[in-house]
Amino acid sequence: MLSGDLGRLLDELSFARCASCASLVAIDGRRDPELLEEVYRTLPDSYWSRLNPQTNFGRVIDRHLSQRRDGGDLWDIGCGSGHLLESLENRWTKHGIEPGIRAVALANQRGLEVQAGTAGALGLNRVADAALMIDVVEHLADPVTELRAVAEMLRPGGVLIVFTGAADAWTARVAGSLWYYLHCIGHVSVFSRVGLVAMLIKLGFTNVQTHRVEHPGGVGTAKWLRRIGGNGMRRVLGRPPAAMHYYRDHQLVVASKPR
């Protein structure tokens, strides 16, 4: 539950689209770091307990990791209360970083090694053979600075996996302002595939590959189409349309740090 002031911002969310790469950047009050910090401070335990509980998604991440690394130190940046981290294979020595204080406490209670903060604030150097940023970069007002800090965390030859929405996905384009992704108060940087790959290359990553991977909370074709039809009926009846579910609108990008 958001406070009244934060809740009112949900009616004021607005984005600007980059003319060259089609990424979206919030141009409203969410770009205030103090506001974002308040959002994370006020999230209840129930929010963290529901975050990324799907073990099948962990198998997807493990499969992509195994194509480049066969174990070592893995750091999940923005790991929440550690559900995804916990589901990964035990060939990894698992660590986490999370700015949400309650989430860190919940993860530590389950025996996970999770530190409070961000990669930029902790300033770790060459501690990771693999790093994950799952549903994280969209929450960053300055993603370049945080990704640079993650690159510093990686040892030479380390692998980075980023999972986030894709602003240039055709379903996101069809949904337009109704795309649910744009109605999350913490989402401030929504990358296109081109934009995210270009940023990682600029930061020195190599062998950058992008894949379309469904969000664990996404829906199937039939449900997505029903929402389009339902919104058409709502317009006829003079009712506001409903937000469009996640559907074929996420990207998983795998990159390596040069040896």
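A donor-acceptor pair is defined here as one N or O able to donate and one able to accept, closer than 3.5 Å; no such pair exists between the side chain of Asp249 and the backbone of Trp170. Using modelled atom types, one side-chain atom of Asn231 and one backbone atom of Ala242 make a donor-acceptor pair closer than 3.5 Å. Checked by atom type and distance alone, the side chain of Lys257 never pairs as donor or acceptor with a backbone atom of Gly158 at under 3.5 Å. Counting only distance, with no hydrogens or angles, the side chain of His211 and the backbone of Val254 share no donor-acceptor pair below 3.5 Å. Looking at Thr171, its side chain does come within 3.5 Å of a backbone N or O of Arg248 through a donor-acceptor pair. Not one N or O on the side chain of Lys94 forms a donor-acceptor pair closer than 3.5 Å with the backbone of Leu74. Without hydrogens or angle criteria, Glu138 side chain to Val190 main chain gives no donor-acceptor distance under 3.5 Å. Not one N or O on the side chain of Arg235 forms a donor-acceptor pair closer than 3.5 Å with the backbone of Pro240. Looking only at distances, a side-chain donor or acceptor of Glu98 sits under 3.5 Å from a matching main-chain atom of Gly100. A distance-only check finds a donor-acceptor pair linking the side chain of Arg17 to the backbone of Ala22 [under 3.5 Å].
Taking hydrophobic clusters as Ile, Leu, Val, Met, Phe, Trp and Tyr residues chained together by side-chain heavy-atom distances below 4.5 Å, Val144 shares a cluster with Val208. One hydrophobic cluster, built from ILVMFWY side chains closer than 4.5 Å, holds both Ile201 and Val253. Linking ILVMFWY side-chain heavy atoms closer than 4.5 Å, directly or via other members, places Val188 and Tyr246 in two distinct hydrophobic clusters. Linking Ile, Leu, Val, Met, Phe, Trp and Tyr whenever their side-chain heavy atoms come within less than 4.5 Å leaves Phe15 and Val194 in two separate clusters. Hydrophobic clustering (ILVMFWY, side-chain heavy atoms < 4.5 Å, transitive): Val174 and Trp179 are in distinct clusters.
Ile61 contributes atom CD1, which lies 11.0 Å from atom OG of Ser66 (distance to the nearest 0.5 angstrom). Interatomic distance, Ile101 CD1 to Leu106 CG, rounded to the nearest 0.5 Å: 11.5 Å. The CG atom of Leu84 lies 5.0 Å from the CG atom of Leu88; values are rounded to the nearest 0.5 Å. To the nearest 0.5 Å, atom CG of residue Asp168 and atom OG of residue Ser23 are 7.5 Å apart. Taking CD of Gln67 as the start and CD of Gln209 as the end, the distance is 7.5 Å to the nearest 0.5 Å. The distance from atom OG of Ser87 to atom CZ of Phe57, rounded to the nearest 0.5 Å, is 9.5 Å.
When side chains are defined from C-beta on, Phe205 counts as touching Leu154, because their heavy atoms get closer than 4.5 Å. Counting heavy atoms from C-beta on, the side chains of Leu65 and Leu132 come closer than 4.5 Å. Under the 4.5 Å side-chain criterion, counting only non-hydrogen atoms from C-beta, Arg126 is not in contact with Met153. In this structure, the side chains of Cys18 and Val25 stay at 4.5 Å or more apart for every pair of heavy atoms. No side-chain heavy atom of Val60 sits under 4.5 Å from any side-chain heavy atom of Glu214. For the pair Phe191 and Gln251, the minimum side-chain heavy-atom distance is below 4.5 Å. Taking the side chain as every heavy atom from C-beta outward, Thr210 and Leu252 never approach each other to under 4.5 Å. Within the 4.5 Å cutoff, side-chain heavy atoms of Glu146 are placed close to those of Thr118.
Within a 6.0 Å radius of CZ in Arg91, more than 12 heavy atoms belonging to other residues, nucleotides or ligands are found.
Applying the salt bridge (charged side-chain N to carboxylate O under 4.0 Å, His left out) test to pairs two or more places apart or on separate chains, those with a residue in residues 148-161 are Asp73-Arg155, Asp129-Arg155.
The two atoms that bring Leu147 and Met199 nearest to each other are CD1-CE, 3.0 Å, heavy atoms only. Shortest non-hydrogen contact noted between Glu113 and His95 is OE2-ND1, 2.8 Å. Minimum heavy-atom separation, Ser177 to Leu182: CA-CD1, 4.5 Å. Shown here for Cys79 and Gly96, the closest heavy-atom pair between the two residues is SG-CA, 3.9 Å. Of all heavy-atom pairs between Ala116 and Val104, the closest is CA-CG2, 3.8 Å. The shortest heavy-atom contact between Ala119 and Val150 is CB-CG2, 3.9 Å.
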| message | Test side-chain contact (heavy atoms from CB on, under 4.5 Å) on Leu140 and Met133; report intermediate values, then the result. | response | CA-CA 11 Å; Leu140 303 175; Met133 299 183 78; 4.1 Å; yes

| request: Assess whether side-chain contact (heavy atoms from CB on, under 4.5 Å) is satisfied between Phe163 and His64, documenting all intermediate values. | output: CA-CA 12 Å; Phe163 179 73; His64 284 280; over 6 Å; no

| task | Could you go through the side-chain contact (heavy atoms from CB on, under 4.5 Å) check for Ser81 and Arg110 one step at a time? | result | CA-CA 9 Å; Ser81 55; Arg110 299 208 313 280; 4.3 Å; yes

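Side-chain rings of Trp224 and His245 stay apart, their centers remaining 6.0 Å or farther from each other.
Just one of His139, His250, His215 meets the ring-ring contact (aromatic ring centres under 6.0 Å, His included) condition when paired with Tyr181; it is His250.
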